[in-house]
Amino acid sequence: MKKLIVSIVLFLLVLAGVAQTQPLKFMGISMNCTMSTFSSKLKGKGFLPDANGSRDNFVVMKGIFAGERVKLEVTCASKTHMVSSVLVCFNRSTSYTYEQLKQLLSEKYGSDYQEYNNLKEEGGYVKYVTDYVEWKNATDTVTGDCNRVVLSKCSYRSTSSFVISYLDGRNSKTEAVEKFSDF
């Protein structure tokens, strides 16, 4: 009888683990890893680090994404060093239009998205984003954290025309808690 109860409990634990979201992936690489592991896997896919833009918990890399030369901005949580976001910055000379990128992302992540049309300033950067759409990619049933993919149209003082942001829900939340723990 004890073995049966232990077996049922183990089965339920495994089932609960499967019910959680899978970590968000970028180019087939799980974002649920450390910055150094993630960077080395990107190097294996042909991306090269840009030492001029990199600093603590933030790495800039350049390479080919969807047939275009892009800049990647990868951030991680300062204490855990787990990757929290990857921003794909397309050059102004990209052959993609906003609608084409939105269609490609809709095909991959589904047509369930929220569309915004407002002006906002992003963090410490002098980037202004006008239109953007956000896909909520699987919510973790235990923590409620939600992976997100966001397509932004940039304008004014930005070297990028479009940015696709991949935000890992759990690691992004950890990064935010670490940043604001001193307040």
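Everything numeric in this text was worked out from a predicted model, so none of it was measured. Sequence positions, counted from 1, serve as the residue numbers for this chain. Basis for what follows: all heavy atoms, side chains included, without hydrogens, waters or symmetry-related copies.
- Between Phe65 and Phe90, the ring planes lie perpendicular to each other; the angle is over 60°, past the 30° to 60° tilted range.
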For this session: Walk me through it: do Arg148 and Ser165 pass the test side-chain contact (heavy atoms from CB on, under 4.5 Å)?
Result: CA-CA 8 Å; Arg148 287 174 162 52; Ser165 305; over 6 Å; no
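- Within the 3.5 Å criterion, the main-chain N or O of Leu151 finds no donor-acceptor partner in the side chain of Lys102.
- Without hydrogens or angle criteria, Asp168 side chain to Met31 main chain gives no donor-acceptor distance under 3.5 Å.
- For the residue pair Val88 and Tyr166, the shortest heavy atom distance occurs at CG2-CE1, 3.9 Å.
- Annotation: the span from Thr97 atom OG1 to Phe162 atom CZ amounts to 6.5 Å, rounded to 0.5 Å.
- Rounded to the nearest 0.5 Å, atoms CG (Leu105) and CD (Glu134) are 12.5 Å apart.
- With rounding to the nearest 0.5 Å, the separation of CG in Asn32 from NZ in Lys25 is 11.0 Å.
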Exercise. Please walk me through it: do Val59 and Met61 pass side-chain contact (heavy atoms from CB on, under 4.5 Å)?
Worked result: CA-CA 7 Å; Val59 173; Met61 301 184 90; 3.7 Å; yes
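- Without hydrogens or angle criteria, Ser39 side chain to Ser36 main chain gives no donor-acceptor distance under 3.5 Å.
- In this structure, the side chain of Ser161 engages the main chain of Asn91 through a donor-acceptor pair within 3.5 Å.
- A chain of hydrophobic side-chain contacts below 4.5 Å, direct or via other Ile, Leu, Val, Met, Phe, Trp or Tyr residues, connects Val74 to Phe26.
- The main-chain N or O of Gly110 is found under 3.5 Å from a side-chain atom of Trp135 such that the two form a donor-acceptor pair.
- Of all heavy-atom pairs between Tyr96 and Ala66, the closest is OH-O, 2.9 Å.
- Between Asn57 and Met35, every side-chain heavy-atom pair lies at or beyond the 4.5 Å cut-off.
- The shortest distance between side-chain heavy atoms of Leu167 and Asn147 does not fall below 4.5 Å.
- Of the inter-residue distances, the one linking Lys79 atom NZ with His81 atom NE2 reads 11.0 Å to the nearest 0.5 angstrom.
- The hydrophobic clustering, which links ILVMFWY residues whose side-chain heavy atoms are closer than 4.5 Å, places Leu72 and Met82 apart.
- For the pair Val70/Lys62, no side-chain contact is recorded, criterion being any heavy-atom separation below 4.5 Å from C-beta on.
- Taking CG of Leu42 as the start and CD1 of Ile29 as the end, the distance is 4.0 Å to the nearest 0.5 Å.
- Under a hydrophobic-cluster definition in which Ile, Leu, Val, Met, Phe, Trp and Tyr are linked whenever side-chain heavy atoms come within less than 4.5 Å, directly or via other members, Val86 and Leu104 are assigned to the same cluster.
- With 3.5 Å as the limit, one finds no donor-acceptor pair spanning the side chains of Glu99 and Gln103.
- Going from atom OG of Ser152 over to atom CG of Leu87 covers 8.0 Å, rounded to the nearest 0.5 Å.
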